[in-house]
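What you see is a predicted model; the values in this text were computed from it and never measured. Just so it is clear: chains get the letters A, B, ... in the order the sequence lines come, proteins before strands, and each one is counted from 1.
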Protein chains: 2
Amino acid sequence: MWLGSTAQHAVRAVLYITEHGIDAPVRVDDIAAALDAPRNYLSKTLHQLVRAGVLRSVRGPNGGFQLADAPDALSVARIVAPFLPSQQTRCLMGRPTCGGANPCAAHHRWQHVADGVIAFFEETTAAQLLADNRTPRAAARVVRKKPRPVSRRPATKRPATKRPATKRPAAKRP
Amino acid sequence: MWLGSTAQHAVRAVLYITEHGIDAPVRVDDIAAALDAPRNYLSKTLHQLVRAGVLRSVRGPNGGFQLADAPDALSVARIVAPFLPSQQTRCLMGRPTCGGANPCAAHHRWQHVADGVIAFFEETTAAQLLADNRTPRAAARVVRKKPRPVSRRPATKRPATKRPATKRPAAKRP
DNA sequence: AGCTAAGATCATGACGATATGATAAATATT
DNA sequence: AATATTTATCATATCGTCATGATCTTAGCT
């Protein structure tokens, strides 16, 4: 609902990378297998996230994708933005002039609802979703509380995480 | 936002019909001109609303479209339903199994937001939107109140409104 | 240098949404 | 019955999304 399948793949892929990419990049093949998503199309999608500054990619052997920032500084809005239709109006009717002096018929009633949706996208972080996913029991409760604004600490450059030649469990087909 | 242009045309057209179709059907040409929407495509769209039971159509001279029910018994949801993508899941990720025992990562946080949107569509009526449109000043206030559930009175069959041969101001090109 | 494991990219196509223009069908008026 | 008016429908076109499969490029390893 309200997210195209590409954006849905993007969110789920980012969550997967957040969970499994702590010390080594995650391969597209692994993500595609885990999400049951088309491999090449997912590759393209992830690359768009690289261009958007959400992910970093490493080519060649032992390559893959990692988060560019800390998961609690990554809002769903940033993940989803590259895959939203370009003409983004907040007007239900799509009226370009809607607002302020010239509201469309639905403007005032819709505004509240739309604000809620925008807030969800802006304030929900990858870290929160992952935490919810790990403890579904607790998630049903946490959601009752007023959401805190997204952590704005400046993108904690992690110290390059030069991973020590982690021999992964070898390729699937040796 | 979140409504395709067809659905947007549908809502605006219904509002126009609600306003101008009190005692006589409204012609597609008039609606198309008022909305600046493509004439034939709008015709098709309106016909879909006829099939959905939202409008009634009258063919031939003095024909056009009228509401099938009273405006305060017509929710936005009913207007928009025929133009929504068929696979309607409330899950942000589109997971078919999302919910209850097997929630997706975003389920609990998203549910509240989605509920708000659903409620907007279900509880907002054509009559309300039209009233808001006529008094934009007051609309900014009314929206603060808790919305009342949609009036459910049983579709007031109006007594056929056989209009007395209303000569309309003639065609555009005589 | 050559092999191999990865991401990056390209050509192609299916599909639905959004139209456009022409034509068919219905009906009120004369 | 003929005509004019109005909706209903059909054939076709365009565009963006969502892919698929093949090929190119990068970089670690020996």
*asked:* Quick check on DNA chain D: between T6(A) and N40(A), whose nearest nucleotide comes earlier from the 5' end?
replied: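 The answer here is T6(A).
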Would you please confirm or rule out a distance under 4.0 Å between OP1 or OP2 of [N] and any side-chain N or O of [X]?
X      : N       : answer
S5(B)  : dA19(C) : yes
S43(A) : dG7(C)  : no
H47(A) : dG7(C)  : no
R39(B) : dT6(D)  : no
S57(A) : dA8(C)  : yes

*In terms of ring plane angle, is the pair W110(B) and F121(A) parallel, tilted or perpendicular, where the classes change at 30° and 60°?*
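Plane angle between 30° and 60°, so tilted.
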_Closest-nucleotide 5' rank along DNA chain C - winner of R51(A) and G60(A)_ =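 Going by which nucleotide is closer to the 5' end, it is G60(A).
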How many whole angstroms separate atom [atom1] of [X] from atom [atom2] of [N]?
X      : N       : atom1 : atom2 : answer
Y41(B) : dA8(D)  : OH    : C1'   : 16 Å
Q66(B) : dT7(D)  : CD    : C1'   : 14 Å
N62(B) : dT7(D)  : CG    : C1'   : 13 Å
Q48(B) : dG16(C) : CD    : C1'   : 13 Å
K44(B) : dG16(C) : NZ    : P     : 13 Å
L3(A)  : dT17(D) : CG    : P     : 14 Å
H9(B)  : dT18(C) : NE2   : P     : 9 Å
R56(A) : dA27(D) : CZ    : P     : 15 Å

*Answer yes or no: side-chain N or O of R59(B) and base N or O of dT27(C) forming a donor-acceptor pair under 3.5 Å.*
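No, no donor-acceptor pair under 3.5 Å.
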*Checking side-chain contact (heavy atoms from CB on, under 4.5 Å) for the pair L55(A)/L67(A): CA distance, chi angles, key distance, verdict?*
CA-CA 4 Å; L55(A) 297 178; L67(A) 289 199; 3.6 Å; yes
*Test side-chain contact (heavy atoms from CB on, under 4.5 Å) on F65(A) and V58(A) and set out the steps.*
CA-CA 6 Å; F65(A) 291 90; V58(A) 181; over 6 Å; no
*Rounded to the nearest 0.5 Å, how far apart are CG of D72(B) and CG of L130(B)?*
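The distance works out to 11.5 Å.
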*Report the distance from atom CD of Q128(A) to atom CD of E123(A), rounding to the nearest 0.5 Å.*
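Answer rounded to 0.5 Å: 9.0 Å.
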*Mind checking F83(B) for me? I need base, sugar-phosphate or nothing, with any heavy atom below 4.0 Å counting as a touch.*
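Answer is nothing: F83(B) stays at 4.0 Å or more from every strand.
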